[in-house]
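Every value quoted in this text rests on a predicted model; they were computed, and no experiment measured them. FYI, the numbering just counts along the sequence from 1.
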Amino acid sequence: FDWNDGLFDVTWSENNEHVLITCSGDGSLQIWDTAKTKGPLQVYKEHTLEAYSVDWSQTRGEHLVVSGSWDQTAKLWDPTVGKSLCTFKGHESVIYSTIWSPHIPGCFASASGDQTLRIWDVKAPGVKLVIPAHQAEILSCDWCKYDENLLVTGAVDCSLKGWDLRNIRQPVFVLLGHTYAIRRVKFSPFHATLVASCSYDFTVRFWDFSKPNPLLETIEHHTEFTCGLDLSLHNRGQV
């Protein structure tokens, strides 16, 4: 599939195995069908700057998509409706990451260059929770698959931090080892305390934050910035 601008993120549909959504540098979201290879099914053009993040909700009974943009807003979409349902404002800098909670319907997190992690509820217009998570731009966040109150952030300060939404005064864990900005962080779908991260230091790292020495492995196969990673839901060992 070709688009006339850089594609920054992609998310699979949770109700159709052939459908995926990408977001791009021109601020638009594109819906693609792998069974129909001619151009996007639909294009949403509402963000005024780069659309940097897109995620499809995982909770059953609702099919919602959230996007985050350098225009400092997040937008809520129903892929069957031609325009956004809602716009979330509050961040004071670019939004790098927007991720749905796998547990709580209508709840998503966003990470921003304003050094905060924010929690939102689609049923309420304002932000639910603001966590000053790092003293640096936060490029990535993810929800734990086994604990609805636990999130992880990765930032330009080279650290990963775990946050318990019931007590945000200090992180539950801090993982140090990367030597440049952390671009993407993901919780394991199989292990409650396993986290994977990748960085501008060219490495991919695996961590178990329950262990005294949390760094399990550093993979140095890449020869350039490592910008993304994900863990397979089907094969335990596959990244």
Kindly compute the distance separating [atom1] ([X]) from [atom2] ([Y]), expressed to the nearest 0.5 Å.
| X | Y | atom1 | atom2 | result |
| --- | --- | --- | --- | --- |
| D142 | K186 | CG | NZ | 4.5 Å |
| E50 | Y96 | CD | OH | 10.0 Å |
| L233 | W12 | CG | CH2 | 12.5 Å |
| L20 | I31 | CG | CD1 | 9.5 Å |
| I131 | K161 | CD1 | NZ | 11.5 Å |
| W56 | E62 | CH2 | CD | 12.0 Å |

Looking only at heavy atoms, what is the nearest atom pair of [X] and [Y], with distance?
| X | Y | result |
| --- | --- | --- |
| S188 | K145 | O-CG, 3.5 Å |
| K123 | G106 | NZ-CA, 4.4 Å |
| A74 | I95 | N-CD1, 3.7 Å |
| C144 | P102 | O-CG, 3.8 Å |
| C23 | A51 | SG-O, 3.3 Å |
| T34 | F1 | CA-CZ, 4.0 Å |

Counting C-beta onward and ignoring hydrogens, is there a side-chain heavy-atom pair between [X] and [Y] closer than 4.5 Å?
| X | Y | result |
| --- | --- | --- |
| L64 | W77 | no |
| N213 | K211 | no |
| S28 | W3 | yes |
| C107 | I119 | yes |
| P132 | Q115 | no |
| F206 | E217 | yes |
| L165 | L151 | yes |
| V127 | F88 | no |

request  = Take Q58 and W100 through the test side-chain contact (heavy atoms from CB on, under 4.5 Å) and record every step on the way to the result.
outcome  = CA-CA 7 Å; Q58 296 167 28; W100 288 106; 5.6 Å; no

query = Given H91 and R118, is the side-chain contact (heavy atoms from CB on, under 4.5 Å) satisfied, shown in steps?
reply = CA-CA 8 Å; H91 277 296; R118 295 178 190 232; 3.1 Å; yes

Tell me whether [X] contacts the main-chain N or O of [Y] through its side chain, where contact means a donor paired with an acceptor under 3.5 Å.
| X | Y | value |
| --- | --- | --- |
| S199 | A181 | yes |
| Y52 | G25 | no |
| E224 | F202 | no |
| D55 | I99 | no |
| T203 | T218 | no |
| T153 | C141 | no |
| S69 | Q72 | no |
| H18 | S13 | no |
| D71 | T48 | yes |

Are [X] and [Y] linked by a side-chain donor-acceptor pair shorter than 3.5 Å?
| X | Y | answer |
| --- | --- | --- |
| K75 | T87 | yes |
| T116 | S112 | no |
| H178 | S197 | yes |
| H63 | S57 | no |
| T98 | S53 | yes |

ask   = With under 30° as parallel and over 60° as perpendicular, where do the rings of F108 and W120 fit, or are they tilted in between?
value =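 F108 and W120: parallel rings.
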
Say whether [X] and [Y] are linked into one hydrophobic cluster, either directly or through other cluster members, by side-chain heavy-atom distances under 4.5 angstrom.
| X | Y | result |
| --- | --- | --- |
| I182 | V172 | yes |
| V10 | F225 | no |
| L7 | V54 | no |
| L41 | V65 | yes |
| F209 | V152 | yes |

request  = Start with the C-alpha gap between R205 and D201, add the side-chain angles, then the distance that decides, and say whether salt bridge (Lys or Arg N to Asp or Glu O under 4.0 Å) holds.
outcome  = CA-CA 11 Å; R205 293 174 196 242; D201 66 13; 3.5 Å; yes

key: Full working for side-chain hydrogen bond (donor to acceptor under 3.5 Å, both in side chains) between E148 and S101   = CA-CA 7 Å; E148 67 177 38; S101 166; over 6 Å; no

task = Inspect the contact between D9 and R184 and indicate whether a charged nitrogen and a carboxylate oxygen are less than 4.0 angstrom apart.
result =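 Answer for the salt bridge query: yes.
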
inquiry  = The test is side-chain contact (heavy atoms from CB on, under 4.5 Å); show your working for V122 and L85 and say whether it passes.
reply    = CA-CA 10 Å; V122 299; L85 306 179; over 6 Å; no

task = Could you please spell out the steps behind the side-chain contact (heavy atoms from CB on, under 4.5 Å) verdict for L29 and H47?
result = CA-CA 9 Å; L29 277 65; H47 285 298; 4.2 Å; yes

inquiry  = Between F187 and W143, is the ring centroid distance below 6.0 Å?
reply    =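 When the ring centroids of F187 and W143 are compared, they turn out to be at least 6.0 Å apart.
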
ask   = For Y180 and Y200, what are the C-alpha separation, side-chain angles and deciding distance, and is it a ring pair (Phe, Tyr, Trp, His ring centres under 6.0 Å)?
value = CA-CA 5 Å; Y180 282 95; Y200 288 143; 8.2 Å; no

ask   = Near K89 NZ, under 6.0 Å, is it more than 12 heavy atoms from other residues, nucleotides or ligands?
value =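 No - once you tally the heavy atoms of other residues, nucleotides and ligands closer than 6.0 Å, there are 12 at most.
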
